[in-house]
Amino acid sequence: MQQIKVRELLKSKETGKEFMVKGWVRTRRGNKNINFIALNDGSIIHNIQVVAEVANFPEETLKLVNTGACIMVKGILVESPAAGQPVELQAKEIHVYGSAEPETYPLQKKGHSLEFLREIAHLRPRTNTFGAVLRIRHAMAFAVHQYFNDNGFYYIHAPIITGSDAEGAGAMFRVTTLDASKPPLKPDGTVDFAEDFFGKETNLTVSGQLEAELAALALSLVYTFGPTFRAENSNTPRHLAEFWMIEPEMAFFDINDNMDLAEDFVKYLVKYALDNCLDDLEFLNKMYDNELIDRLRQIVENKFIRLTYTEAITILKSSGQTWEFPVDWGTDLQSEHERYLVEKHFGKPVILTDYPKEIKAFYMKQNSDGKTVRAMDVLFPKIGEIIGGSQREENYDSLLSRIRELNIPEKDIWWYLETRKFGTAPHSGFGLGFERLILFVTGMANIRDVIPFPRTPKNAEF
RNA sequence: UCCUCCUUAGCUCAGUUGGUUAGAGCAUCUGACUGUUAAUCAGAGGGUCGCUAGUUCAAGUCUAGCAGGGGGAGCCA
């Protein structure tokens, strides 16, 4: 007899037929004569109700069928006489793969706080919430590849170990095989990285963008999707030390093409979730955020607002709000300013462009005004910046002079400069924080609850 | 890293101006119930009050330090 997933079984019309399911017990209840077992195998948020006539099973077997236990059930699928489920499985045979002692199993039938579940991240995938989040996370990863493949993009694997910190996106984690207690020293007393594994100082990547640019200037449309590492001491519900980032890079795209792509891409992903994960979204909508599904629909249906940094400053200055941080042309926007624009003033996602060059990265293309660059940030309600991108500076001389202005060591990125020397092309790209997308789509409030095993300052457990 | 709040039973929390034996709900265990839906009902067990030091006749309660966690800020995705 072939095993069937709960997801298929619940849809099955083949009542009267025998099936085998395997999964983990959520609850068992009942009386002397009959037991009801809610069984879940993670294939769907719903459980199959297994009905066991107590007389048909040895006492020891049913005693082990507690919350958390892993069991196999063979039984006849029947229409359920009671409300709550369309079908149920009339058990003929039950085998316990692994019991879960009720007194010590940490997950109970009742709800747990998300903070507590973070402490038992090895068991939290067994909860409804994390089942839903992890299935949605999978669906979003799949949809990312689907979208790009359908639109002629190629998936590039950017290196995870890097020898440069050219983007300056943040503090890095060093990668070394040197003995930390007695590293080889140079005559001046500093560590001699020439003796290290790669013969130079290396770190974990903070961005695959520069490598993606190299590939875009050959394959035209590319994207990366991989882990990214930032050693910043960030303790917020929106930051991780290890997270996943999606970075498309497109030759022959200007900043407007870039915005069009970003908007279309994000809407595709949200729509994909609504079309393919509605069971899980309905659960999250009910348990955590009553406006979740409405908010997702609004994203898909409405055009994003596009305005320049300069226009945003004007709106903020004339808003009549009192700010903790003053608004002035030339300073970066603070969270309170971004939130006002997205949540109060417009009430929908906003794409801000043309920031002052001083507050943006060296590789962004300068506008003819000499003051601003073709940057774009996509700001979302609740989570703030979900995408950061720009048109890239493709002119060799302009890029080089900006690199020199900022004292970026040329020897580290000679290869990046060479792409502008040989067959340069206008191009653009952006980075989408995958976990921030999942935060938005699931309605979860803390980024540690949308990745299976979060890495944050002082926490690398599991 | 800064600001702020929190830490009491397995979980979620209450605990008065410092006062004698620290409570509740859920979970667990025992019993009842012929179809339950986070089943219900009755009973029972369960505590180094985060750790350390101090103030006091007396500390869950006040003070300091440390640890862990939440929220806000910065950095950013």
Side-chain angles (χ1 to χ4, degrees), chain A residues 26-38 46-55 63 66-68 78 80-85 88 90 100-120 127-128 167-171 206-209 225-247 262 287 324-325 332-339 359-361 377-380 383-389 430-440 445-451 456-459 461:
Chain A
R26 286 294 164 76
T27 68
R28 177 171 61 96
R29 52 182 175 262
N31 53 45
K32 236 190 290 187
N33 306 291
I34 191 164
N35 273 199
F36 301 94
I37 302 160
H46 306 298
N47 306 319
I48 182 77
Q49 171 155 283
V50 174
V51 183
E53 304 270 354
V54 173
K63 238 188 140 138
N66 290 315
T67 299
V78 298
S80 181
Q85 58 281 318
E88 61 190 29
Q90 204 76 43
E101 197 186 319
E103 268 136 38
T104 52
Y105 185 60
L107 289 171
Q108 301 151 20
K109 295 177 195 176
K110 292 280 176 180
H112 297 281
S113 69
L114 293 169
E115 290 85 355
F116 172 67
L117 292 176
R118 269 172 228 151
E119 291 169 14
I120 52 165
T127 62
N128 287 330
E167 204 199 348
V206 293
S207 165
Q209 180 198 315
F225 185 3
T228 308
F229 307 87
R230 305 266 167 99
E232 299 289 349
N233 193 8
S234 295
N235 293 287
T236 84
R238 296 179 307 283
H239 289 87
L240 292 165
E242 177 184 290
F243 64 101
W244 288 67
M245 189 152 62
I246 298 145
E247 295 177 290
M287 300 301 287
E324 190 187 338
F325 296 89
D332 211 351
L333 296 178
Q334 306 293 316
S335 293
E336 55 172 342
H337 308 139
E338 295 180 350
R339 269 204 311 274
I359 59 174
K360 287 295 179 183
D377 283 1
V378 181
L379 309 178
F380 259 41
I383 57 171
E385 185 181 340
I386 192 169
I387 285 177
F430 61 82
L432 168 73
F434 187 57
E435 282 76 18
R436 291 201 180 161
L437 172 80
I438 307 300
L439 269 183
F440 183 77
N446 192 312
I447 202 162
R448 293 158 203 188
D449 298 329
V450 296
I451 188 168
T456 53
K458 299 275 186 290
N459 179 25
E461 190 75 34

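The sequence lines fix the lettering, A, B, ..., with proteins before strands; numbering per chain opens at 1. Only this structure's heavy atoms are used, side chains among them; waters, hydrogens and symmetry mates stay out. Predicted, not measured: the structure shown is a model, and the values here were computed from it.
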*Closest to the A:N33 side chain: B:A77, B:G35, B:U34?*
B:U34
*How long is the gap from CD on A:E247 to CZ on A:F430, to the nearest 0.5 Å?*
10.0 Å
*Reckon A:S80 touches a base, only the sugar-phosphate, or nothing at all at heavy-atom distances under 4.0 Å?*
base
*Is A:N233 near enough to B:U1 that one of its side-chain N or O atoms lies under 4.0 angstrom from OP1 or OP2?*
yes
*Pick base, sugar-phosphate or nothing for A:E435, based on heavy-atom distances below 4.0 Å to the nucleic acid.*
nothing
*asked:* When you measure only distances, ignoring hydrogens and angles, does the side chain of A:E88 come within 3.5 Å of the base of B:G35 through a donor and an acceptor?
replied: yes
*Between B:U12 and B:G18, how far apart are the P atoms? Round to whole Å, please.*
29 Å
*Using modelled atom types only, decide if a donor and an acceptor are shared between the side chain of A:R436 and the backbone of A:E385 within a distance under 3.5 Å.*
yes
_Any side-chain N or O of A:N31 below 4.0 angstrom from OP1/OP2 of B:G35?_
yes
*For RNA chain B, list all stems, counting runs of three or more consecutive pairs where every pair is Watson-Crick or G-U wobble with both distances under 3.5 Å.*
B:1-7 with B:67-73, B:10-13 with B:23-26, B:28-32 with B:40-44, B:50-54 with B:62-66
Considering only nitrogen or oxygen atoms on both sides, find all protein atoms under 3.5 Å from nucleotides 4-10 of chain B and state each distance.
from	atom 1	to	atom 2	distance (Å)
B:G10	N2	A:Q108	OE1	2.9
B:G10	N2	A:Q108	NE2	3.4
B:G10	N3	A:Q108	NE2	3.2

*Assign A:L107 to base, sugar-phosphate, or nothing according to its heavy-atom contacts below 4.0 angstrom with the strands shown.*
nothing
Under 3.5 Å, N/O pairs linking protein and nucleotides 69-72 of chain B:
from	atom 1	to	atom 2	distance (Å)
B:G70	OP1	A:R118	NH1	2.7
B:G70	OP1	A:R448	NH1	3.0
B:G70	OP2	A:R448	NH1	3.1
B:G71	OP1	A:N446	ND2	3.4
B:G71	OP2	A:N446	ND2	3.4

*On a whole-Å scale, what distance lies between the P atoms belonging to B:G46 and B:U61?*
24 Å
Could you list the protein-to-nucleotides 42-44 of chain B atom pairs, N/O on both sides, closer than 3.5 Å?
none

*Sequence neighbours excluded, which residues qualify as side chain to side chain contact (heavy atoms under 4.5 Å, CB included) partners of A:S234?*
A:E232, A:H239
*Would you say A:F243 stacks on B:A77, if stacking means ring centres under 5.5 Å apart and planes within less than 30 degrees?*
yes
*Taking atom P in both B:G50 and B:G43, compute the distance separating them and give it to the nearest angstrom.*
31 Å
*With sequence neighbours left out, what residues match A:E101 under side chain to side chain contact (heavy atoms under 4.5 Å, CB included)?*
A:E103, A:T104
*Spell out yes or no: do the side chain of A:Q85 and the base of B:U36 have one donor N/O and one acceptor N/O closer than 3.5 Å?*
yes
_Can you say whether a donor on the side chain of A:H112 sits under 3.5 Å from an acceptor on the base of B:C11, or the other way round?_
no
*Have a look at A:A38 and say if it touches a base, only the backbone sugar-phosphate, or nothing, with a 4.0 Å heavy-atom cut-off.*
nothing
*Between B:C75 and A:S234, is there an OP1 or OP2 to side-chain N/O distance shorter than 4.0 Å?*
no
*Could you tell me whether A:I246 contacts a base, only the sugar-phosphate backbone, or nothing, with contacts defined as non-hydrogen atoms closer than 4.0 Å?*
nothing
_Nearest-neighbour nucleotide for the A:K63 side chain, B:G35, B:C75, B:U30 considered_ = B:U30
*Indicate yes or no for a side-chain donor-acceptor contact from A:N47 to the backbone of A:Q49 under 3.5 Å, with no hydrogens or angles considered.*
no
*Quick one: CZ on A:F243 to CZ on A:F434, what's the gap to the nearest 0.5 Å?*
13.0 Å
*Kindly say whether, by distance alone, the side chain of A:R436 makes a donor-acceptor pair under 3.5 Å with the base of B:C76?*
yes
_Separation between CD of A:E461 and CD of A:E119, rounded to the nearest 0.5 Å_ = 10.5 Å
_Heavy atoms from C-beta onward define the side chain here; which of B:C75, B:U30, B:A77 lies closest to that of A:H239?_
B:C75
*C1' atom, B:C13 versus B:C51: distance in rounded Å?*
22 Å
*Let me know the distance between CD1 of A:I383 and P of B:C76, rounded to the nearest Å.*
17 Å
